[in-house]
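Report on the structure given below.
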Amino acid sequence: METRNIFENLSCIDHRYSLSESAVFEGLSKYISEEASIRSCAKCEAALVKAHLKLRDSLSESDAKLLDKIADEIDPEEVYKEEEKTKHNIRALVNVMKTKVPENLGPLVHLGATSVDILDTALSCRMRDVTQNVVLPELKALEIELCKIAERDFNVPQVGRTHGQHAVPITFGWSIAEFVSRLGKSILKIEELSNQLKGKLAGPVGSYNGPSMIVKDPELLEATYVHFLGLEPSEYSNQLVEPEYLLRLLLEMNVAFGIIANLADDLRNLQRSEIGEVFEYFASTQVGSSTMPQKRNPWNSEHVKSLWKAMCPRVLTFYMDQISEHQRDLTNSASQRFIADYVSGFTMAVARMRSVVSGLQADKESMARNLENAGGKVKGGVLAEPAYILLGEAGVNDGHEVIRKITLEAEQTGKTFFEVLKTHTESYAKITAQLEKLGVENPESFFEHPANYHGLADVKSKRLAQKYMELMQK
């Protein structure tokens with residue numbers, strides 16, 4: 001077979017990322033390369049022959065093994081050369097397979113099938129297998145790393161943020177637990193949908209015309225055929241398997257991709273010089289800038305976001321392939337081939353995100369410093385919320401206004417929120433009494449440090465980490 005220097009390839013997936021993510025590339029190649037595509041179709045043709053033989057009570061173990069071996073070893077180059085003559089990919093495969101099987105089995109190759117009985121069924125097999133053997137293991141490995149951080153840093157204080165502004169305190173474990181929960185649910189959905197992909201053997205319009213000329217029960221032949229491939233028949237087919245099975249799987253992958261891109265964005269922003277709350281692993285030989293030797297750019301997180309930008313818009317094509325005019329046209333014949341590119345880009349982004357997260361560390365000193373200084377011009381101002389809530393619980397009708405004025409006083413005097421709050425003895429006493437009712441330790445000093453006010457961030461981050469760690473390891 002003709003070989004090509006990888007640097008002469010056109011797709012960056014086949015040169016740049018095949019090198020940087022070589023293990024992932026090799027895994028993907030087993031299932032969604034062109035070689036894998038041809039061999040998956042050959043396996044379907046072999047399964048069809050086995051189905052014919054089984055319904056005739058003449059399927060021997062030796063014939064089954066031989067058919068599987070022929071499919072596994074089919075030469076893509078030979079099929080391509082045959083296609084130059086036939087101008088039809090499945091007929092080319094059928095012609096080649098007929099030369100490989102014993103003469104008595106030759107007539108059974110492709111008997112009763114139309115091309116899409118093979119193509120759609122083979123695509124379902126490939127997408128199931130690549131999802132379960134490559135995509136999901138990478139996703140679960142990433143999820144487990146996130147769980148480890150959420151549990152490890154469940155009580156590391158951090159300032160929360162909304163609208164790019166400091167909000168009330170959280171913990172770093174809690175900020176990671178968001179992605180543990182969101183991504184965990186998406187992973188479970190991807191796994192579920194990968195098990196729902198279907199196959200077919202229903203002929204050119206899905207009404208079993210051809211198979212009805214071979215057997216009395218065409219649906220039994222179909223069920224036997226797809227069973228050999230580990231699938232179930234589509235409930236309804238025209239020439240195509242209902243496209244929604246595959247569409248839903250691809251859309252859920254894109255949901256997961258968006259979650260991972262969101263994580264990448266958050267981690268990139270937390271590495272900004274003026275924030276500096278997390279840092280990625282940086283090798284001793286690694287270069288951050290071609291001209292500024294001191295820089296350590298968060299390029300891995302940016303790389304993940306960039307892959308999402310390249311791949312996410314392809315969802316539009318997935319939707320467009322949902323429509324096949326007047327039961328069946330060929331407008332998906334080229335576009336559907338690019339599913340492999342999408343799955344590759346997605347999986348490589350997952351692998352890159354896992355490498356980021358596995359070396360990610362919280363800068364606890366920076367987090368503590370940012371939290372202590374949070375609150376705009378008022379140090380400790382993020383504690384205005386609990387002060388106002390506690391006053392309301394104490395029966396103060398205008399508690400919000402009382403605390404607003406205290407924050408203004410702190411801003412004007414340059415004192416901390418806690419220092420000014422203590423001077424308002426009546427309000428402070430009511431607030432402290434409420435804290436005592438709640439069983440808070442050292443209620444008099446509660447407002448001295450914003451880290452004391454973190455709600456259930458520590459409890460829930462640990463709980464979610466343990467839940468999804470267990471689910472990923474099942």
Side-chain angles (χ1 to χ4, degrees), residues 11 13 28 31-32 34 36-37 40-41 44 88-90 113-132 134-136 139 185-208 222 225-226 229-261 307-347 349:
S11 172
I13 288 173
L28 292 167
Y31 301 102
I32 54 175
E34 183 63 4
S37 176
S40 69
C41 289
C44 289
H88 193 287
N89 57 344
I90 293 299
T114 190
S115 297
V116 185
D117 289 328
I118 304 301
L119 289 168
D120 272 14
T121 305
L123 179 57
S124 289
C125 289
R126 291 198 304 279
M127 286 301 298
R128 176 200 61 202
D129 293 345
V130 75
T131 300
Q132 296 181 358
V134 185
V135 180
L136 281 168
L139 281 167
K185 284 190 281 291
S186 189
I187 290 170
L188 295 175
K189 193 66 177 176
I190 288 170
E191 191 161 36
E192 176 189 340
L193 291 168
S194 71
N195 284 312
Q196 294 176 1
L197 296 172
K198 307 297 183 185
K200 72 174 283 266
L201 182 69
V205 292
S207 54
Y208 303 93
E222 178 183 50
Y225 160 61
V226 297
L229 300 162
L231 298 174
E232 293 180 351
S234 179
E235 179 181 63
Y236 173 89
S237 302
N238 43 46
Q239 189 169 130
L240 305 166
V241 168
E242 291 171 282
E244 287 75 27
Y245 295 111
L246 178 58
L247 176 61
R248 290 187 182 104
L249 175 61
L250 291 168
L251 294 180
E252 191 58 44
M253 285 186 183
N254 211 56
V255 168
F257 209 161
I259 294 166
I260 293 165
L307 275 171
W308 173 78
K309 287 166 62 179
M311 296 297 165
C312 180
R314 298 191 182 210
V315 169
L316 180 60
T317 307
F318 302 156
Y319 275 118
M320 293 170 75
D321 280 347
Q322 186 182 9
I323 296 171
S324 194
E325 291 183 11
H326 208 168
Q327 299 177 8
R328 169 64 168 147
D329 62 35
L330 267 177
T331 57
N332 71 332
S333 61
S335 54
Q336 200 171 70
R337 293 179 185 273
F338 289 90
I339 289 174
D341 285 38
Y342 176 85
V343 174
S344 299
F346 170 50
T347 311

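Here the structure is a predicted model, which is why all the values come from computation and not from measurement.
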>> Applying the side-chain contact (heavy atoms from CB on, under 4.5 Å) criterion to Leu251, which one of Asn254, Val255, Leu247, Leu249 satisfies it?
In response: Leu247
Is there a side-chain contact between [X] and [Y] in this structure, where contact means two heavy atoms from C-beta onward sitting under 4.5 Å apart?
X: Leu193; Y: Gln196; result: yes
X: Tyr31; Y: Val343; result: no
X: Ser124; Y: Tyr245; result: no

>> Do Gln322 and Glu244 pair up side chain to side chain, a donor and an acceptor below 3.5 Å, judged on atom types alone?
In response: yes
> Where do Gln239 and Asp120 land on the side-chain hydrogen bond (donor to acceptor under 3.5 Å, both in side chains) test, with the steps shown first?
Replying inline: CA-CA 9 Å; Gln239 189 169 130; Asp120 272 14; over 6 Å; no
>> According to ring-ring contact (aromatic ring centres under 6.0 Å, His included), who are the partners of Tyr342, at least two apart in sequence or on a separate chain?
In response: Phe318
>> Test of understanding: with ring-ring contact (aromatic ring centres under 6.0 Å, His included), list the residues that count as partners of Phe346, not counting sequence neighbours.
In response: Phe257
>> Let me confirm one number: the CE-OG1 distance from Met320 to Thr331, rounded to the nearest 0.5 Å.
In response: 8.0 Å
> How long is the span from the SG atom in Cys44 to the CZ atom in Arg126, to the nearest 0.5 Å?
Replying inline: 8.5 Å
> Any idea which heavy atoms bring Leu231 and Cys125 closest together, and the distance?
Replying inline: CD1-SG, 3.7 Å
> Quick one: side chain to side chain contact (heavy atoms under 4.5 Å, CB included) partners of Cys41, sequence neighbours excluded?
Replying inline: Ile90, Leu93, Ile118, Leu119, Ala122
